[in-house]
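Worksheet: one structure, shown below.
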Number of protein chains: 2
Amino acid sequence: MKYNMKYKAIPKETIGRLFTYFRALVCLSREGNKTVSSYKLAEICQLNPSIIRKDFSYFGELGKRGVGYNVESLLLMIRSELKLDPAIKIAVVGIGNIGKALLAYSGFKPDGFRIVAAFDSHPKKIGKKVGGLTVENASKLEKRVKTLGIQMGILAVPESAAPQVVLSLAKGGVKAILSFAPCQLTTPKDMNVICVDLSMEMARLLYYSMGQKLHKARARKS
Amino acid sequence: MKYNMKYKAIPKETIGRLFTYFRALVCLSREGNKTVSSYKLAEICQLNPSIIRKDFSYFGELGKRGVGYNVESLLLMIRSELKLDPAIKIAVVGIGNIGKALLAYSGFKPDGFRIVAAFDSHPKKIGKKVGGLTVENASKLEKRVKTLGIQMGILAVPESAAPQVVLSLAKGGVKAILSFAPCQLTTPKDMNVICVDLSMEMARLLYYSMGQKLHKARARKS
DNA sequence: ATGTGTGAAGAGCTTCACAGCC
DNA sequence: GGCTGTGAAGCTCTTCACACAT
């Protein structure tokens, strides 16, 4: 056989950086840039230019020598690669502080992800408008999730309410959940749950923003 | 010389996992566990036991052979390593949805990080209690930051207000900022700023909770 | 028997350096 | 000259496997 196909896995670090590139490219596009070089992008993202070229090379020969990369093509590629497609329908359950923050953000930035429904069980919240969506009654969760064809749920409810919500979502056909409730949910099989401990995530960000030179090297007995 | 010291850098991946361990260990401690083996911890964190042992070994010989690791000692070690010390004083500026969510979380979980002051410029918000703190007038930011000895600021204000707040914080002696405002802040020298695009962070979490088997391998022309 | 600590092997990722194209 | 694409080298992190401690 003449054509010898090589299969090459995409490093997960590459996937991680795709998010960073996307953010930078959205800005570049807004500022009217048609093309960008790996050097320019490297400066913005604080990375080495060659890793950017290597990263993009996993997805084809996207650049033009002597010119650079087309900003819009890159955005298109990353959008499809990261499933930033607005076609993926997401519901938020629990319209407390976190729920509201997410809804507000989702409305502003259609680039990232799209929330199409909001639920809460508190009578005072039901019917109210938040971030362009009307809060629906959580008791109708299963039915609404089915009719709307929702694929993912974001849990921002108190711990006590979480198991019930997970069950309703599962019955409604949802296969992935991102939960802000303290972990250890009894997860139905074939349901993919990621638990986020907001305080840990904050601690993580804070740690990196402290710029700890202390952690570069450390003594150890021989 | 008899004692030959070896210096070994701590991988940044190790630091990243420390947050994961911490979260698991807090749970284990609450459930009354005195010790934990690398095997048990590996199961909880979905990791290989040997990497856990290697990770901990960077910080000394913390375990007992045949027994395991002492949960409290590990917590103590990680807490100091990650500067989860409540001594680090943090102020939140901007008491919108994100600000409120952070304050609420900080109050519930003193494990992670400690927010000691909240500021906003809106008259309706000033004086109100949120998550145990009274919202103060943002015009007094510089002075209050100085007197309280605040080391870090979390920006959760609209883009337009951000530059002014950064300036006030800098004048007050703050050296690190975590910003939720859209990036490109004119950062004063020796000020460490991390910009968080909430929608990107969400997209990242969503991506991983989708369980994308698609991304494991990919064809490329030879 | 149980479970740590760690050198050595292995896997994976990044950087270099340069051929090739605009 | 400017810039990409990519083998090869270099580096870092992970896994293995087993000596050693309780």
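Computed from heavy atoms alone, side chains included, the values below leave out hydrogens, waters and symmetry copies. Keep in mind it's a predicted model, so treat the numbers as computed, not measured. Letters go in sequence order (proteins before strands), and every chain restarts at 1.
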Subject >> Whichever of B/Phe56 and A/Asn48 has its nearest DNA chain C nucleotide further upstream toward 5' >> reply: B/Phe56

Subject >> Whichever of A/Gly68 and A/Lys54 has its nearest DNA chain D nucleotide further upstream toward 5' >> reply: A/Gly68

In whole angstroms, how far is the [atom2] atom of [N] from the [atom1] atom of [X]?
X	N	atom1	atom2	answer
A/Tyr58	D/dT4	OH	P	17 Å
A/Phe59	D/dG5	CZ	C1'	15 Å
B/Asp55	C/dT6	CG	P	13 Å
A/Ile10	C/dG12	CD1	P	14 Å
B/Ile51	D/dT12	CD1	P	16 Å
A/Ile52	C/dT15	CD1	P	11 Å
A/Asn70	C/dC22	CG	C1'	16 Å
B/Lys12	D/dC11	NZ	C1'	11 Å

Subject >> B/Ile150: which of B/Ile115, B/Ile90, B/Ile88, B/Val116 passes side-chain contact (heavy atoms from CB on, under 4.5 Å) >> reply: B/Val116

Selection from [options] that lies nearest to any side-chain heavy atom of [X]:
X	options	value
B/Pro11	D/dC13, C/dC16, D/dT4	D/dC13
B/Glu61	D/dC13, C/dT6, D/dT14	C/dT6
A/Tyr69	C/dT14, C/dT4, D/dT4	D/dT4

Original post:
Between A/Tyr105 and B/Asn97, do the side chains contain an N or O donor and an N or O acceptor separated by less than 3.5 Å?
Top reply: no

Subject >> A/Thr35 side chain to A/Asn70 side chain, donor-acceptor N/O pair below 3.5 angstrom >> reply: no

**OP:** Mind listing the closest non-hydrogen atom pair of B/Pro49 and B/Tyr39 along with its distance?
**Re:** CG-CD2, 3.7 Å

Original post:
What are the two closest heavy atoms between A/Leu133 and A/Ala118, and how far apart are they?
Top reply: CD1-N, 4.4 Å

Check residues 167-175 of chain A and write down every donor-acceptor pair under 3.5 Å in which the side-chain atom is one partner and the other belongs to a residue at least two apart or another chain.
residue: A/Ser168; atom: OG; partner: A/Gln164; partner atom: O; Å: 3.2

Polar-atom pairs under 3.5 Å, protein N or O versus N or O of nucleotides 18-22 of chain D: list them with distances, or write none.
residue: D/dC20; atom: O2; partner: B/Arg65; partner atom: NH1; Å: 3.0
residue: D/dT22; atom: O4'; partner: B/Arg65; partner atom: O; Å: 3.1

Original post:
Hey, does B/Lys40 reach any base, or is it just sugar-phosphate, or nothing, if we go heavy atoms under 4.0 Å?
Top reply: nothing

Original post:
Across the strands shown, which category fits A/Ser38 at heavy-atom distances under 4.0 angstrom: base, sugar-phosphate, nothing?
Top reply: sugar-phosphate

Original post:
Any side-chain heavy atom of A/Phe119 within less than 4.5 Å of one from A/Val157?
Top reply: no

